[in-house]
There are 2 protein chains.
Amino acid sequence: MSEAVRSVERQSAEQGHPLDSFFAPSSIAIIGASPDLTKIRGILLSFLRKNDYPGRIYPVNPSYPEIDGLRCYPTVAAIGEQVDLALVTIPANVVLPALEECAAAGVRHSVIISSGFAEEGGESAGLQQQIAELAKRTGMRVSGPNAEGFYNEPGRVSATFSPTVDIKPGESRLIASERRIGIVAQSGGIGFSLFNRGKAIGLSFSTIVSTGNEADLAAGEFLQYMVQDKSTDVVMLFIEGVRDPENFVRAAAQAAAIGKPVIVCKIGRSEAGARASASHTASMTGWNAGYQAIFVKYGFLQADDPDEAVAIAAVLTTAPLPKGNRVGVITVSGGAGAWAADTVAMNGLDVPVLSETLQSEIRALIPSYGSARNPVDITAQAVHTGGLQRTIELLNESDEVDLVLVVTSMASDRRVALNPQALKPVIDSGKKPVLFYTYTLPSQLGRSTLAAAGVVVHAGLAPLGKALGEVVRRGAFQAPEGRAAVAQADARLVMRLQAAGGALSEHDTKILLRDAGVSLPNERLVADAAELEAAMQAVGFPLAMKIQSPDITHKTEAGGVRLGIAGVEDGRDAYEKLLAGVRSDKPDARIQGVLLQPMARKGVEFIIGAIRDPVFGLMVMVGFGGVMTELFKDVAYRPAPVSAAEARAMLDRLRASPLLRGFRGAPPADVTALASLAAQVSRFAAGLGEHMAELELNPVIVHPDGQGVTIVDALLVPAGGG
Amino acid sequence: MSEAVRSVERQSAEQGHPLDSFFAPSSIAIIGASPDLTKIRGILLSFLRKNDYPGRIYPVNPSYPEIDGLRCYPTVAAIGEQVDLALVTIPANVVLPALEECAAAGVRHSVIISSGFAEEGGESAGLQQQIAELAKRTGMRVSGPNAEGFYNEPGRVSATFSPTVDIKPGESRLIASERRIGIVAQSGGIGFSLFNRGKAIGLSFSTIVSTGNEADLAAGEFLQYMVQDKSTDVVMLFIEGVRDPENFVRAAAQAAAIGKPVIVCKIGRSEAGARASASHTASMTGWNAGYQAIFVKYGFLQADDPDEAVAIAAVLTTAPLPKGNRVGVITVSGGAGAWAADTVAMNGLDVPVLSETLQSEIRALIPSYGSARNPVDITAQAVHTGGLQRTIELLNESDEVDLVLVVTSMASDRRVALNPQALKPVIDSGKKPVLFYTYTLPSQLGRSTLAAAGVVVHAGLAPLGKALGEVVRRGAFQAPEGRAAVAQADARLVMRLQAAGGALSEHDTKILLRDAGVSLPNERLVADAAELEAAMQAVGFPLAMKIQSPDITHKTEAGGVRLGIAGVEDGRDAYEKLLAGVRSDKPDARIQGVLLQPMARKGVEFIIGAIRDPVFGLMVMVGFGGVMTELFKDVAYRPAPVSAAEARAMLDRLRASPLLRGFRGAPPADVTALASLAAQVSRFAAGLGEHMAELELNPVIVHPDGQGVTIVDALLVPAGGG
């Protein structure tokens with residue numbers, strides 16, 4: 001046994017994660033191994049050996065006595081030694097018996113590379129179900145099918161046929177940072193392309209795993225592995241749809257708690273994107289909100305494009321998190337510096353004018369036609385006189401900025417403007433992120449020179465701007481304190497809901513809310529004209545009348561609402577007309593009566609709601625109310641229940657939040673009451689558990705500070721009802 | 001004289017543009033030429049020769065008898081032959097006498113590379129002013145100072161020291177398209193970096209010009225040149241601030257009329273970006289709206305990042321404009337295809353499900369575990385069986401999509417999935433854009449193989465998505481018909497404005513508007529309590545009262561507004577209290593009286609305004625009204641005046657435009673009346689010419705279709721007043 005194998009085994013023993021022997025197996029069997037290097041079955045063996053896999057390799061194929069100098073076994077059983085991992089590359093229809101054989105032989109884990117399962121539908125999907133059951137029954141963990149495998153770089157395990165792990169003769173590896181990125185990808189193509197793009201700019205990686213169809217091992221469990229894995233400093237996720245949300249959320253919470261950053265690329269946000277992601281075709285409406293809620297809650301950094309993901313990873317692995325959003329831009333080209341300043345500003349960063357003291361220090365280093373304000377235009381001239389290096393040092397030491405962005409040209413393959421020996425101490429100081437963008441395409445010389453100082457040269461401005469926005473947000477992120485509040489089912493509430501029957505009216509909904517302690521206006525349901533006058537007097541004028549029927553969801557559209565009723569006569573008239581109108585329009589609707597409520601005092605309109613996300617369960621929602629909710633989609637979601645403090649943070653994320661703080665001379669609104677109501681509603685919804693599909697309080701009128709809120713309308717849709 | 005020189009001269013004679021002999025000079029003098037290749041003065045000569053400049057070169061420097069085998073002249077006068085272009089690279093303080101000498105010797109044009117003029121301020125700025133005057137006086141056109149020069153690729157004129165035009169031994173040029181891009185850049189660094197980035201992916205270029213400080217020749221005039229230049233197929237602009245807006249707008253209109261696409265990168269959109277662009281420090285507030293208005297009006301394609309600009313150029317030079325927004329995505333990786341579908345959808349494209357007929361044709365070409373819906377996942381397998389090529393052909397022929405996006409991996413340096421001989425006929429068919437994205441980094445083999453078919457390999461997904469959004473918009477763009485409406489000053493209106501004195505009240509503003517034929521509600525100004533009752537009866541109840549004073553702009557904040565007055569008694573009371581309140585709060589305000597107006601009927605609130613843009617002059621604005629204007633910045637600008645049809649197009653661009661079409665069961669609003677009012681207001685504002693600074697009608701209540709609009713409030717701020 002080689003030292004490397006022993007080291008891998010020792011490591012596994014120390015860490016003791018069940019997937020250690022999956023990602024760093026002491027032995028690998030290749031089921032279906034072949035000497036044919038044009039086939040996946042041949043490539044697997046070749047890549048394992050080219051990458052110097054330190055463990056034992058057992059090719060399995062009855063057709064060959066040996067492959068590439070290794071003894072080839074007719075069956076797994078014939079190996080006669082412990083196999084940690086089996087790579088399965090045989091046709092779909094013979095996979096199941098081979099897995100049974102592996103399990104019987106005591107193989108711990110397997111990766112099914114073969115395609116033709118759930119993605120094909122029909123009988124093949126059933127095959128996948130049998131694989132899942134086999135894993136449960138035998139305890140052998142299975143990754144895939146339809147997976148591209150994984151690559152564990154520090155462990156030198158290339159259990160994949162991805163050409164990105166091929167070793168090319170004479171190729172030298174660029175290393176700008178030793179901090180390693182682990183990738184969990186629901187697409188092998190994308191997972192390994194992120195590795196490919198990151199490697200090219202000098203990033204280091206721990207493990208890239210492609211999860212395939214996830215018959216057994218799924219993305220959430222792999223995320224858990226990466227979060228606890230000591231060789232992984234930053235995690236990157238490519239997600240189409242999470243199949244094991246409990247694992248996923250637990251891992252996300254753990255990552256937030258220990259401060260390990262997670263970068264996420266979530267696709268399927270458009271209808272067409274979702275159509276391509278088989279996992280989500282069933283649940284289209286607004287379903288992405290649940291993912292957003294989880295990502296925001298746990299401080300994930302989000303990327304919309306592969307280069308954004310790689311840029312975020314590059315910043316995270318070469319720099320500390322920024323302590324604020326103030327950036328000093330140093331440039332050798334006025335235009336490029338201004339463009340960079342625009343770009344970071346669009347991403348929420350601030351490019352403050354530097355103090356006169358600092359400016360005068362900088363002016364001593366640059367030509368008279370430069371600028372020291374910020375962007376600091378040192379001019380091309382100052383590159384050669386040492387002004388660039390000195391200006392970087394000044395801004396790194398200064399407390400006027402939280403990040404430094406150096407904009408320069410790295411195109412030359414003959415000389416580089418910066419000396420890595422001088423630069424390295426600045427980077428190593430770890431005071432703040434010091435980042436480099438080249439507006440020309442960087443030469444290999446440029447990249448390797450700066451890599452020696454621990455610097456990645458960024459060649460894309462938009463991705464870098466996005467990355468800085470995300471790391472600034474992450475820098476300000478606070479992990480949720482303690483354990484997440486748990487959704488407590490409330491048996492009494494559920495019983496009351498069930499007693500109300502299928503669909504609920506506003507009145508039914510409000511009875512449940514009031515019963516749960518939610519403050520509501522003084523309202524009366526009038527089911528008989530004889531009760532009308534007393535009810536009007538009890539409610540007071542001016543008042544509103546609204547038809548109540550479990551069969552009428554959109555009361556206004558049905559002509560079932562009268563507003564601003566000023567007196568008794570008005571009221572009688574309105575009551576009659578309202579009932580008559582609805583009865584003629586909707587003769588079949590079950591009418592409970594007419595709800596009388598006082599006209600609400602003025603204020604700003606918000607919405608509070610709760611919805612059951614098909615993946616992550618109950619979510620609470622706050623948003624700007626009225627017509628605007630739909631038009632500007634200015635809403636925020638969080639997993640329910642939330643505390644009042646969390647609800648307040650949600651409100652702060654809305655574009656309409658200035659309205660709560662007192663906009664254009666208006667008094668500040670009672671945001672405390674609104675946040676507290678959102679928290680209360682989230683607990684109420686959690687109490688109903690899976691019996692609730694949707695709850696909407698809209699509008700909730702927020703009065704000036706100290707004067708509370710008024711819930712004008714409310715509607716609860718029970719699961720399967722409404 | 002070489003054939004090339006003759007050809008250049010012949011071309012000039014035929015086209016006859018005054019700048020032909022600037023960009024394709026028959027002879028060039030280098031003022032300050034040097035044999036020292038570490039200096040700009042030495043590099044200029046070296047680059048001219050390396051690029052095989054076909055004309056005559058005259059080094060000018062009294063210190064040398066010859067440089068690099070060329071005779072060197074002590075002065076320009078000593079040359080004794082016609083010099084078309086002088087490149088000036090001597091210190092700032094000796095530039096002016098050198099220019100005088102050039103002009104005296106009959107030099108036609110000059111480029112001042114030297115720095116240290118307006119960008120330095122003080123005395124040096126004065127020097128630049130003198131250069132501008134010299135150009136006017138002598139007729140010698142001057143580019144710069146502080147310019148990086150230009151590069152005319154077809155003419156082989158490298159009048160620049162930019163390292164991007166250096167010729168490296170053994171370097172082969174990738175050419176995917178012969179259609180050429182011309183660049184006008186207010187930053188040499190950026191201009192040549194766009195060239196550098198474009199060249200690397202196989203784009204071709206006509207001329208790249210860096211405009212420097214624009215003492216004489218400015219960006220607008222260079223844009224005019226590019227628009228008429230037959231060797232330029234697509235124009236790219238990098239703009240900090242336009243100094244010759246009339247030239248610029250004329251060129252923009254010409255480009256729109258002849259259908260030559262213009263890509264624009266406009267910086268200075270953030271405060272910090274603007275700070276870095278010296279030209280705009282004086283005019284910060286909202287000034288970017290004018291640029292936006294011009295860009296939209298003339299169909300410019302906008303880029304926020306260098307790679308976006310290059311991606312747009314790549315699409316425009318390798319593909320026809322799309323006829324619609326329906327894209328067929330063909331992918332070899334499910335995840336990458338879904339990501340691409342998401343990205344194009346975010347940019348406004350549609351990824352429609354293909355017809356069953358087309359799907360069944362595709363299914364015959366791909367494995368059973370692929371998908372033919374769209375994205376079309378042909379799987380990695382089908383690449384090798386010819387399915388990729390055939391699927392591309394099917395979608396190219398189909399009328400179900402307007403663009404084809406092929407998502408594949410081009411990383412291999414050994415083989416390429418596509419055969420250029422088979423692909424070229426598809427590209428050459430010119431039916432629709434067929435574009436290629438690689439999720440891995442492309443190899444040179446991949447790039448050059450596809451270049452042979454006329455294809456650029458896109459390696460950035462976000463920039464490509466942005467590019468597709470922009471070309472789809474450009475495909476739907478209609479050039480403004482005929483000549484742009486001209487702002488006609490209205491002498492009578494101006495006189496009336498001047499008669500009104502400095503600041504105007506709402507009432508003053510409305511008198512002017514009414515006088516210009518704008519319909520306004522039936523209102524009464526009451527200056528004496530004795531007139532109150534009659535005025536109230538004339539206006540009718542319920543009514544609103546508003547204090548009128550040129551000194552009170554924010555009437556509501558000053559307690560000067562009472563709404564919903566229901567009867568005479570109410571009215572008397574409100575009138576007294578309103579006047580008393582304002583008099584005690586603002587004792588110095590000149591009170592004109594109280595304006596009585598009927599309470600407006602219901603409707604949706606919009607805003608119409610006009611503002612004088614510091615660069616492009618009068619702009620008309622429409623937007624979503626009320627508090628929302630400020631909060632959601634949902635507004636659109638166009639150069640004034642506009643026609644009702646243009647105003648309608650502006651309204652259609654608003655995010656709030658669904659409100660006009662009848663949102664959530666509401667009746668459609670009278671958008672015809674609103675558009676017609678916007679056009680009328682734009683003519684009114686144009687009539688006031690430079691005497692108006694700002695005009696705002698807010699809110700304008702838009703009633704249901706056929707019921708018109710109500711202007712509730714209006715305020716005109718005269719230039720220098722308000």
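Numbers restart at 1 for each chain; the letters A, B, ... are given by sequence-line order, proteins then strands. Reckoned from all heavy atoms, side chains included, excluding hydrogens, waters and symmetry mates.
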Indicate yes or no: at least one non-hydrogen side-chain atom of [X] is less than 4.5 angstrom from one of [Y].
X	Y	value
S193(B)	S409(A)	no
K168(B)	D413(A)	yes
D305(A)	P463(B)	yes

Partners passing side chain to side chain contact (heavy atoms under 4.5 Å, CB included) against N196(A) (at least two apart in sequence or in another chain): T164(A), T440(B), L441(B)

Using non-hydrogen atoms and a 4.5 Å limit, figure out which bit of [X] sits close to chain A: side chain, backbone, both or neither.
X	answer
A380(B)	neither
S368(B)	both
R414(B)	side chain
P352(B)	backbone

Partners passing side-chain hydrogen bond (donor to acceptor under 3.5 Å, both in side chains) against R655(B) (at least two apart in sequence or in another chain):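 Counting only residues at least two positions away or on another chain, R655(B) forms no side-chain hydrogen bond (donor to acceptor under 3.5 Å, both in side chains).
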
Which bit of [X] comes within less than 4.5 Å of chain B, counting heavy atoms only: side chain, backbone, both or neither?
X	result
D350(A)	neither
D166(A)	side chain
P306(A)	both
V353(A)	both

D342(A) side-chain N/O to R269(B) backbone N/O, donor-acceptor pair under 3.5 Å: yes

